[in-house]
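Working notes, structure below.
Excluded from the calculations below are hydrogen atoms, water molecules and symmetry mates; all remaining heavy atoms, backbone and side chain alike, are included. Throughout, residue positions are numbered sequentially from 1 according to the sequence presented.
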Amino acid sequence: MNKPEFKLQNKIAKITLHAEDRKNAIDRKDLDLMMNFLKKIENEKVKCLILSGKGDVFSSGMYLEELNKGDWSKNPISEVCDLIEKLPFITICFLNGGIYGGSVELALSCDFRIGFNKVKIKIPATKFGIHYGVKGIKRCLDIFGLQLSRKILFLGHPLAFKDLVDVGFLDYYADDFDASHAILNKIIGEISLLS
């Protein structure tokens with residue numbers, strides 16, 4: 001299966017990136033499906049949305065073949081991120097591994113990020129001659145600040161797990177995946193007790 005999985009069960013919405021053979025790279029069809037799902041649930045009585053991936057990588061970003069297709073005057077990743085930010089319920093990015101390229105913006109658009117010691121980020125856009133979208137740059141600035149954003153976006157510097165903890169990118173974190181999953185379940189439990 002290459003398409004993202006979508007679930008709405010017990011008032012918990014889930015989007016799981018499911019293209020392990022391409023490290024969960026996202027294409028326009030994936031983004032269209034995500035947009036449709038988000039629009040479908042935005043007025044539902046949902047407690048939270050969990051965005052995650054299968055395998056050992058959250059997402060390797062936009063599928064490179066997609067960059068030569070269609071109109072890029074509006075960045076489709078940023079449009080999905082805008083909708084995530086406007087949802088009237090809590091959004092959680094549950095990170096199952098590395099985050100690369102445009103998928104960093106997806107993680108930044110969520111209210112909370114949960115990870116473990118294998119989580120790292122890298123935005124290699126400049127190595128491919130690609131400019132990161134304006135909204136993605138703004139989201140980086142909001143979390144990482146100006147100096148670190150320059151290193152990440154202009155030079156493609158990676159950030160390891162410890163760096164992500166130190167700069168506050170990860171709101172909750174653990175030493176291993178199972179422990180981070182326990183944190184996710186605890187937070188869902190806490191959310192369920194709230195009005």
Salt-bridge criterion met for D176 and K118 (N-O under 4.0 Å) = no
key: Criterion side-chain contact (heavy atoms from CB on, under 4.5 Å) against D111, the qualifying member of D171, I90, I92, L87   = I90
inquiry  = I'd like to know whether CG of D166 has more than 12 heavy-atom contacts from other residues, nucleotides or ligands below 6.0 angstrom.
reply    = yes
query = Angle class for the F169/F144 ring planes (parallel below 30°, perpendicular above 60°, tilted otherwise)?
reply = parallel
request  = Decide, yes or no, whether a salt bridge links K86 with D82 under the criterion of side-chain N to carboxylate O below 4.0 Å.
outcome  = no
message = Would you compute the distance between atom CG of N24 and atom OH of Y100 and round it to the nearest 0.5 angstrom?
response = 11.5 Å
query = Closest heavy-atom contact between S60 and A25?
reply = OG-CB, 3.4 Å
key: E20 bridged to K54 by N-O distance under 4.0 Å   = no
request  = Please check if L106 and V57 belong to a single hydrophobic cluster, counting links between Ile, Leu, Val, Met, Phe, Trp and Tyr side chain heavy atoms closer than 4.5 Å.
outcome  = no
ask   = Does one hydrophobic cluster hold both I84 and M62, with members joined at side-chain heavy-atom distances below 4.5 Å?
value = yes
ask   = Going from CG on L83 to CG on L38, what distance comes out if it is rounded to the nearest 0.5 angstrom?
value = 5.0 Å
note = When rounded to the nearest 0.5 Å, the distance separating NZ of K14 from SG of C48 is 9.0 Å
remark   = Of all heavy-atom pairs linking F89 and V46, the shortest is CB-O, 3.3 Å
request  = Work out which heavy atom in G102 is nearest to a heavy atom in I77; give both atom names and the distance.
outcome  = O-CG2, 3.6 Å
message = Taking V104 as the starting point, is it possible to reach V80 by hopping between hydrophobic residues whose side chains are less than 4.5 Å apart?
response = yes
ask   = Taking the side chain from S180 and the backbone from I114, do they hold a donor-acceptor pair closer than 3.5 Å?
value = no
Please report, to 0.1 Å, the donor-acceptor pairs under 3.5 Å made by any side chain of residues 148-159, with sequence neighbours excluded.
from, atom 1, to, atom 2, distance (Å)
S149, OG, C140, O, 3.2
S149, OG, G145, O, 2.6
R150, NH1, Q147, OE1, 3.4

query = Has the side chain of N36 got a donor or acceptor atom that lies under 3.5 Å from a matching backbone atom of L33?
reply = no
ask   = Is N96 reaching over with its side chain to a backbone N or O of G53, donor-acceptor style, under 3.5 angstrom?
value = yes
key: Separation between CZ of F37 and CG of L8, rounded to the nearest 0.5 Å   = 5.5 Å
ask   = Using 4.0 Å as the upper bound for N to carboxylate O, is an ion pair formed by K138 and D142?
value = yes
ask   = Can you find a pair of side-chain heavy atoms, one from C93 and one from L95, that are under 4.5 Å apart?
value = yes
inquiry  = Pair M34, L51 - check side chain to side chain contact (heavy atoms under 4.5 Å, CB included), show working.
reply    = CA-CA 10 Å; M34 290 169 74; L51 176 61; 4.2 Å; yes
Verdict with supporting geometry, I187 and F112, side chain to side chain contact (heavy atoms under 4.5 Å, CB included) = CA-CA 10 Å; I187 291 170; F112 299 104; 5.7 Å; no
ask   = More than 12 non-hydrogen atoms from neighbouring residues, nucleotides or ligands closer than 6.0 Å to CD on Q9, yes or no?
value = no
ask   = What are the two closest heavy atoms between D30 and P4, and how far apart are they?
value = OD1-CD, 3.2 Å
Gap separating the CD atom of E79 from the CE atom of M35, nearest 0.5 angstrom = 5.0 Å
ask   = Do N2 and D27 pass the side chain to side chain contact (heavy atoms under 4.5 Å, CB included) test, and can you show the C-alpha distance, the side-chain angles, and the key distance before you say yes or no?
value = CA-CA 10 Å; N2 284 327; D27 62 25; over 6 Å; no
inquiry  = With ring-ring contact (aromatic ring centres under 6.0 Å, His included) as the test, pick out the partner of H181 among Y172, F94, F116.
reply    = F94
message = Let me check something: do I123 and L108 share a hydrophobic cluster, defined by ILVMFWY side-chain heavy atoms less than 4.5 Å apart, either directly or through other members?
response = yes
message = To the closest 0.5 Å, what do you measure between OG (S78) and CD (E105)?
response = 3.5 Å
task = Could you tell me whether a side-chain N or O of R113 sits under 3.5 Å from a main-chain N or O of A107, the two making a donor and an acceptor?
result = yes
request  = Answer yes if L146 and L164 sit in the same cluster of Ile, Leu, Val, Met, Phe, Trp and Tyr residues linked by side chain heavy atoms under 4.5 Å apart, and no otherwise.
outcome  = yes
key: Residue pair N75, K135: steps toward the side chain to side chain contact (heavy atoms under 4.5 Å, CB included) verdict   = CA-CA 9 Å; N75 184 323; K135 289 183 177 182; over 6 Å; no
request  = Compare every heavy atom of S103 with every heavy atom of F58, then report the nearest pair and how far apart it is.
outcome  = CE2-O, 3.9 Å
